[in-house]
Visitor: 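First the structure, then my questions, so here it is.
When a ligand or atom number is given, it counts from 1 through the structure's own listing order. Source: prediction; values computed, not measured. Heavy atoms only: backbone and side chains are in, while hydrogens, waters and symmetry mates are out.
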Amino acid sequence: MDSTLLTAFFQHGTIRDVECLFPDISGYPRGKLMPARSFAQGAELRIAQAISMQAITGEYSYDPIFPDADPDLLLVPDYSTLKMIPWSTVPRAFAIHDCVLLDGNLCPFAPRSILKNVLARYQALGLTPVVAPEIEFYLTEANTDPSVPYQAPISKSGRAENGQSAFSMNMLNELAPFWDEFNAAIDAIGIKGDTWIHEMGLSQYEINLVHGDPLALADQTFMFKYAAKEIAIKHGLNAIFMAKPIAGQPGSSMHLHQSVVDDKGNNIFSHADGSDSERFHHYIGGLQKYLPDLMLLFAPNINSFRRYISGSQAPINLSWGVDNRTTGLRVPLSAPVARRLENRIAGADANPYLMIAASLAAGLAGMEERLAPSAPETGSAYESSHDLAQTFLAALTQMRQSDSARRLLGDDFVTGFVSVKEIEFQSYLSEIGAWERRFLGPQC
Ligand SMILES: NC(=O)CC[C@H](N)C(=O)O
């Protein structure tokens, strides 16, 4: 954005300040609040440590990514993301920033850098990936006591939500004041929602985003989660993107539809007659080969692994099939121009930048190495293998030892990411939970 446009933006209304945001390693928004006049003048913005902050509190742990000197990073705005914040009660804007080292290179640990690096590899080959995430989440009653399970909201109508409300319009309408504000907000900040539905769980919802550029879609998903959490609080609700927030209810996923077009805009996954291209099958072969080493980017929390239950619509393996929702990798029925793969592995808790980068990097490696996929699954894939990592620790160990993960996403990044995850795991082990008190306490 040139300075005239920037000045024009800040002449609109009386903008007091700007949230200078970047996604941390978990995909949570961090940043600094800057006076609008400084932002408009392009003032330099520095920050320390925050990329690798763990999503935990407790004892101070020294920064695992920059252990030596805790150096400064620059936050450099991507002006194309600059918008007003609709949910703010004061006139406030936001912009998403890149994290840049003082030597001018993109920070190798920052999620936005990781995705940009993968996209540059496609670009060098004259290829452009196209993605569309589907985001599931729960709305619950506000809950301040972590020992109490989440409850579905009590709506003003008195209609209790019970049983299976998948696709129910009545239940979708139930929390209309939240949806009205939320939908207006996401329209205003350029998040392009396609369809909304009520999902299977009690007060579980799903939105499909309109397909497009992977960085733009990662930015939209990042802001979608931020907006949902902020606006839910205003309505006395919690928006929860955990992969399995409520025992006995379905988990929440972040399926990713993906295709690749060449420099003429043709979808390279399909021949003109509608048959699959060889490259499409190599792409699937790449996901099957490399996703196990990258599993932690699709399932980044201990909780994520509770979602992968046989028969639950969540996958348990990396089989693929046409129009088969029991597989981890589904090929939706489509016209040739829309031939795509739906990667169903990620939970809603995944960092969208890292999950999209990992999926695209694995597919590209498959095309480059001409990898062959398994035979497509025609029946229930729950009857075949159970080869996704079943625990956080298994996925962590596999990623830590993986040369492929380091080759696809960067050595420094993988070392930093697993270090953060190790700290989170130690924090988890340090807490004694309700299960232990319930089952071990009485007799043990
Ligand atoms: N729409 C669906 O296919 C449901 C997905 C399911 N909620 C999951 O966690 O994977």
Visitor: Is it true that Met200 lies under 4.0 Å from ligand 1, counting heavy atoms only?
Guide: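 The answer is no, since Met200 has no heavy atom less than 4.0 Å from ligand 1.
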Visitor: Give me the residue, atom name and distance of the protein heavy atom closest to atom 2 (C) of ligand 1.
Guide: Gln313 OE1, 3.2 Å
Visitor: Gly251 to ligand 1: N or O pair under 3.5 Å?
Guide: yes
Visitor: Are the aromatic rings of Phe137 and Phe241 close, with centres under 6.0 Å apart?
Guide: yes
Visitor: Please check if atom NZ in Lys229 has more than 12 non-hydrogen atoms from other residues, nucleotides or ligands closer than 6.0 Å.
Guide: yes
Visitor: Do Ser384 and Tyr382 have a side chain donor and acceptor closer than 3.5 Å?
Guide: no
Visitor: What do you reckon, does Gln204 have a nitrogen or oxygen under 3.5 Å from a nitrogen or oxygen of ligand 1?
Guide: no
Visitor: What atoms in ligand 1 come closer than 4.0 Å to a heavy atom of Glu206?
Guide: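 Near Glu206, the atoms of ligand 1 are 1 (N).
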Visitor: When you check the side-chain N and O atoms of Gln288 and Ser374, is any donor under 3.5 Å from an acceptor?
Guide: yes
Visitor: Check ligand 1 against His255 and write out every atom of the ligand that is under 4.0 Å from a heavy-atom position of the residue.
Guide: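 In order of numbering, the contacting atoms are 2 (C), 3 (O), 5 (C), 10 (O).
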Visitor: Would you say the ring centers of Trp179 and His235 fall short of 6.0 Å from each other?
Guide: no
Visitor: N/O of Glu136 under 3.5 Å from N/O of ligand 1, yes or no?
Guide: yes
Visitor: Under 6.0 Å between the ring centres of His97 and Phe22?
Guide: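 Not close enough - the centres of the two rings lie 6.0 Å or further apart.
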Visitor: State which residues pass side-chain hydrogen bond (donor to acceptor under 3.5 Å, both in side chains) with Ser259; sequence neighbours excluded, sorted by chain then number.
Guide: none
Visitor: Hey, do the aromatic rings of Trp87 and Tyr226 have their centres closer than 6.0 Å?
Guide: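 Yes, close enough.
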Visitor: With atoms numbered from 1 as shown, which atoms in ligand 1 lie under 4.0 angstrom from a non-hydrogen atom of Ser253?
Guide: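 Listed by number with element, the hits are 5 (C), 8 (C), 9 (O), 10 (O).
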Visitor: Below the 3.5 angstrom mark, is there an N/O of Arg307, backbone or side chain, next to an N/O of ligand 1?
Guide: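 Yes, there is a polar N/O contact under 3.5 Å.
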Visitor: Quick one: look at Arg344 and ligand 1, take heavy-atom pairs under 4.0 Å, and tell me if it's side chain, backbone, both or neither.
Guide: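 Under 4.0 Å from ligand 1, Arg344 contributes side-chain atoms alone.
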Visitor: Which residue holds the protein heavy atom closest to atom 1 (N) of ligand 1, what is that atom called, and what is the gap in Å?
Guide: Glu199 OE2, 2.8 Å
